[in-house]
Student: 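Could you have a look at this structure, given as structure tokens, before my questions?
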Amino acid sequence: MPPKRKAVGAPQAGVAKAGRTSALSTPGPATPRSLESSFQSDGDDDLNDDDVDEVIKRKEEVIAREADEFVNTWAVDSSRFQARQDGGGSHRDGATQFFGSGKRDFSYLNLKPDHDQKPLWIDPEKGTIILEKFSPDADRVTDFLVTIAEPKSRPHFLHEYQLTAHSLYAGVSIGLQSKDIIDTLDRFLKTPLPESIRLFIESCTKSYGKVKLVLNNNKYFVESSDAELLQKLLRDEVIGKWRVQGSGDITTSYAPTMGGLVIPGTKDAAGVNQAGLNKSGNKKTAEDGAADAAATNEADLYAAINEEDDEDDKDAVHAFEIPETAVEIVQRRCLDLGFPILEEYDFRNDSNNADLEIDLRPNTQIRPYQEQSLSKMFGNGRAKSGIIVLPCGAGKTLVGITAACTIKKGVIVLCTSSMSVVQWRQEFLKWSNINPDDIAVFTAESKNKFSGNTGIIVTTYSMVTNNRERSHDSKKMMDFLKSREWGLMLLDEVHVVPADVFRRVISSIKSHSKLGLTATLLREDDKISHLNFLIGPKLYEANWMELSEKGHIAKVQCAEVWCPMPTEFYDEYLRANSRMKRTLYAMNPRKFQACQYLINYHEARGDKIIVFSDELYSLKQYALKLNKVFIYGGTGQAERMQVLENFQHNPQVNTLFLSKIGDTSLDLPEATCLIQISSHFGSRRQEAQRLGRILRAKRRNDVGFNAFFYSLVSKDTQEMYYSSKRQAFLVDQGYAFKVITQLANIENTPDLAFATAQERRELLQRTLVDNEKGAEDDVETDDLFGKVGRGRGGAKGRAAAVRRMAGTLGELSGGQDMAYIEQNKAANKGLKKKGAAKAEQSAFFKKLQREKERSRALARQG
DNA sequence: AAACGAGTAA
DNA sequence: TTGCATACTCGTTT
């Protein structure tokens with residue numbers, strides 16, 4: 001009898017919380033979870049005891065290795081590892097979830113005799129592929145899998161991929177054939193390739209990539225080398241009626257030759273560029289070009305593609321025209337019919353659009369994964385539209401710029417904020433030799449075109465999408481943008497923009513190819529699938545773990561710190577509405593202490609620390625109490641710059657507090673430690689984005705360097721649940737979250753805040769009073785900061801609120817107001833130059849007050 | 001001119 | 001499950 005299937009990969013698996021579907025569900029509020037239980041499964045799998053022991057033993061080894069200095073320092077609880085050993089019972093490991101539960105037992109599939117040499121498993125029903133990452137073939141196979149399947153979960157030792165229609169489509173689009181895919185898969189499987197999978201692959205690949213959408217002379221054409229297929233589409237009720245009449249029936253031409261395309265910035269590019277061959281020269285064969293571009297060690301996998309390319313040259317292509325307005329309809333219809341339209345731009349043979357003079361600066365070398373992602377885009381010598389997923393700090397911008405340098409036509413770059421508009425322009429100037437006159441910015445402030453007859457425009461989504469009243473200059477600029485054909489549309493941060501916005505952007509601006517860039521192709525809604533046909537398939541998705549192992553991004557230690565709620569806080573928490581709940585678990589004094597402790601610890605180590613809080617009230621309170629600088633939405637532009645500048649260069653300023661403003665719209669200096677005290681529900685994207693803020697760390701290649709990511713969570717609250725949701729993405733990327741329940745010697749922290757019960761009660765009262773909404777309704781003004789601005793009756797409303805609360809809480813001293821105002825000597829102030837200090841300070845407070853008033857007015861309406 | 005505020009959209 | 005931050009435009013102030 002063959003060994004039990006599920007045991008095979010198991011010994012190697014095992015990081016804390018490996019895999020999204022693992023049984024480590026975090027219970028909801030008021031359901032305390034003991035540390036021990038968090039490492040046990042629900043007991044619904046059926047490993048036998050021998051297996052279990054073996055699994056546990058190996059797992060312990062892995063975990064022990066990973067339990068590094070930072071956890072041990074605080075002696076979190078070395079008992080927790082022990083506890084798990086004693087735990088006995090059933091455990092889940094990386095593999096069990098795929099092979100467990102009797103329903104999906106695939107032991108009927110016969111193992112190949114040399115199965116232990118093979119790295120892949122497959123689920124014949126669902127098309128899920130499991131890769132044993134420790135196999136000698138793993139590296140070669142990984143690249144193949146990334147090409148034909150969606151990465152779903154990639155912890156250290158077992159990777160899960162999913163075969164989907166889209167993923168196969170992407171594979172075909174870079175030139176793989178059914179046969180290549182089936183043969184290669186079969187070669188690396190432990191079992192013979194199931195018939196169901198073979199049929200699935202064949203049915204998908206047969207029709208995929210056969211139809212193309214081509215923009216030519218400002219007109220759109222549906223193109224295919226298969227005349228019969230085109231006829232079939234024309235007979236379709238939806239597509240047929242959109243054919244532009246009078247443009248002849250079906251036009252026939254010949255596919256252009258492939259030539260030897262070299263992506264600039266690759267090792268090979270230098271010489272070719274010098275000789276001026278990269279554009280027109282055909283000295284190199286297509287095979288060379290593609291192989292160089294791929295720069296992978298599995299030339300054999302790609303050989304088939306290249307042979308195919310050569311034959312392509314003689315193929316006749318047929319096309320019919322469709323109107324601009326019907327592009328999306330036809331695209332969608334084709335997808336439904338099972339012939340997804342591929343968008344390709346044969347930029348080297350486009351003589352209608354002026355060439356742009358742009359190249360990467362001579363000494364620029366792009367990294368292997370950047371090269372690899374671009375090779376997916378330019379795999380067959382043309383530019384394919386699609387999305388490239390790279391973690392923040394891994395050089396998305398450079399990928400975009402390199403794509404622009406390869407295409408060398410007009411480029412339009414779309415960003416989410418005007419900050420990043422400026423950055424994109426700077427990056428272009430930094431990495432490429434583009435003439436500064438040829439790259440223009442289109443925002444509210446600047447509406448200049450480039451000087452030549454082609455160039456680069458950098459703008460925001462809202463600028464292009466805006467339907468409302470426009471300034472005269474904007475209107476003129478939009479007409480200009482709409483009137484011409486762009487070679488490349490670069491879409492930054494594609495995940496944040498709603499599908500409808502894309503629709504408008506794409507329908508109003510004509511571009512030959514579109515490249516979407518993002519760090520996290522994730523949304524909590526289902527809109528992400530729209531991107532598939534609005535922009536194109538996912539061309540490449542980097543593996544975070546691999547990048548950090550190779551030193552391209554920093555290694556990160558992730559930890560979740562569980563902070564108990566003092567009883568009086570918890571009582572209020574149970575009683576409070578959801579708004580107040582959020583405030584309360586952020587203001588948990590134990591959390592505050594943990595935060596203080598971690599800041600102390602990491603400042604002493606020389607880390608630069610960013611603390612995130614989505615909850616504005618607690619953000620301010622934390623920052624003021626700890627005397628740290630902070631930035632939130634209401635912080636003026638000048639002050640922001642000043643604070644960031646200081647955080648970056650001033651050795652006295654090592655900790656910065658940020659609202660969610662820091663998620664997207666700030667160009668943050670490098671940090672090496674990150675603490676979250678409050679976050680946005682279960683947003684996986686936010687979690688990933690925040691983690692990304694420390695991946696850039698320059699010290700990442702120092703021996704033993706780690707960046708740190710802490711999530712502070714109030715125990716037994718909603719946060720526990722959200723936290724587990726938020727981590728799902730990172731866990732899939734292979735990050736292990738360690739749970740810390742106790743910070744060693746925290747009580748010895750100098751000036752530990754809220755150390756006495758008295759202080760904690762005061763904190764609670766103040767929190768309740770300050771956030772008491774109802775009390776403000778019948779009061780005219782309620783300035784947070786006394787007599788600023790209008791200056792009447794400021795304290796009156798507060799006093800009323802205080803009195804009301806006093807009824808329920810008891811003991812409130814009259815001096816509290818004073819203490820509160822006293823505290824608002826923001827650390828930010830210390831940064832200001834003497835002269836300006838006073839004026840800016842009062843402006844700051846004025847702004848705060850106005851903001852407060854506005855939100856109150858809003859609350860009253862609603 | 002530059003900076004700021006209000007209003008609106010998404 | 002909800003609230004926050006932004007971009008843009010126009011009009012007003014310094």
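Not measured: the values here are computed from a predicted model. Residue numbers start from 1 in every chain, and the chains themselves are labelled A, B, ... in the order their sequence lines are given, proteins ahead of strands.
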Student: Any idea how A:W424 and A:F428 line up, ring-wise: parallel (<30°), tilted (30 to 60°), or perpendicular (>60°)?
Tutor: tilted
Student: So which of A:E719, A:Q676, A:E560 actually passes side chain to side chain donor-acceptor pair (under 3.5 Å) with A:R726?
Tutor: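 Result: among A:E719, A:Q676, A:E560, A:Q676 is the only option passing the side chain to side chain donor-acceptor pair (under 3.5 Å) with A:R726.
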Student: Going by distance alone, is a donor N or O of one side chain under 3.5 Å from an acceptor N or O of the other, for A:Q718 and A:R582?
Tutor: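 Note: A:Q718 and A:R582 side chains miss the donor-acceptor criterion.
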Student: What I want to find out is whether A:E687 reaches A:R684 closely enough, with some N-O distance under 4.0 Å, to be called a salt bridge.
Tutor: no
Student: Using OP1 and OP2 only, check whether a side-chain N or O of A:R640 sits under 4.0 Å from C:dT6.
Tutor: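 It does, given that an N or O in the side chain of A:R640 lies less than 4.0 Å from OP1 or OP2 of C:dT6.
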Student: Does any non-hydrogen side-chain atom of A:E328 lie less than 4.5 Å from one of A:L534?
Tutor: yes
Student: A:R590 versus A:P566: any side-chain heavy-atom pair under 4.5 Å?
Tutor: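 Side chain of A:R590 against side chain of A:P566, heavy atoms only: contact under 4.5 Å found.
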Student: Using a cut-off of 4.0 Å on non-hydrogen atoms, how would the nucleic acid contact of A:S659 be classed: base, sugar-phosphate, or nothing?
Tutor: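 Sugar-phosphate contact only - A:S659 comes under 4.0 Å of backbone atoms but never of a base.
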Student: Examine A:K581 relative to A:Y573 and say whether NZ or CZ is less than 6.0 Å from the centre of the six-membered ring and inside a 45° cone about the ring axis.
Tutor: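 Yes - A:K581 lies over the ring of A:Y573, closer than 6.0 Å to its centre and within 45° of its axis.
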Student: When the distance from OH of A:Y585 to P of C:dT1 is rounded to whole Å, what number comes out?
Tutor: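 Whole-Å distance recorded here is 14 Å.
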Student: Of all the base pairs, Watson-Crick or G-U under 3.5 Å, which form stems of three or more consecutive pairs involving DNA chain B?
Tutor: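 Stems found: B:1-9 with C:6-14.
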Student: Tell me the interatomic distance from A:L616, atom CG, to C:dC4, atom C1', rounded to whole angstroms.
Tutor: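 The distance from CG of A:L616 to C1' of C:dC4 comes to 7 Å, rounded to the nearest Å.
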Student: What's the closest nucleotide to the A:R504 side chain, out of B:dA10, C:dT6, C:dT2?
Tutor: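 Nearest listed nucleotide: B:dA10.
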Student: To the nearest angstrom, how far is A:R582 atom CZ from C:dT2 atom C1'?
Tutor: 7 Å
Student: Between A:K608 and A:E670, does at least one N-O distance fall below 4.0 Å, as a salt bridge requires?
Tutor: no
Student: In whole angstrom, what separates A:N577's CG from C:dT2's P?
Tutor: 11 Å
Student: When you check every protein heavy atom under 4.0 Å of nucleotides 7-14 of chain C, what one-letter string (B, S, -) results, 5' to 3'?
Tutor: SBSS----
Student: Please report, rounded to the nearest Å, how far the P atom of C:dT6 is from the CG atom of A:D663.
Tutor: 11 Å
Student: Parallel, tilted or perpendicular: which fits the ring planes of A:Y722 and A:F681, with parallel below 30° and perpendicular above 60°?
Tutor: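 If you compare the ring of A:Y722 with that of A:F681, the planes turn out perpendicular.
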Student: Please report, rounded to the nearest Å, how far the C1' atom of C:dT2 is from the CD atom of A:E719.
Tutor: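 Roughly 15 Å, once rounded to whole Å.
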Student: So what does A:Y722 hit on the nucleic acid, given a heavy-atom distance under 4.0 Å: a base, only sugar-phosphate, or nothing?
Tutor: base
Student: Between P on C:dC4 and CZ on A:R685, what's the gap in Å once rounded to a whole number?
Tutor: 17 Å
Student: Let me know the distance between NZ of A:K725 and P of C:dT2, rounded to the nearest Å.
Tutor: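 My rounded result for the distance is 15 Å.
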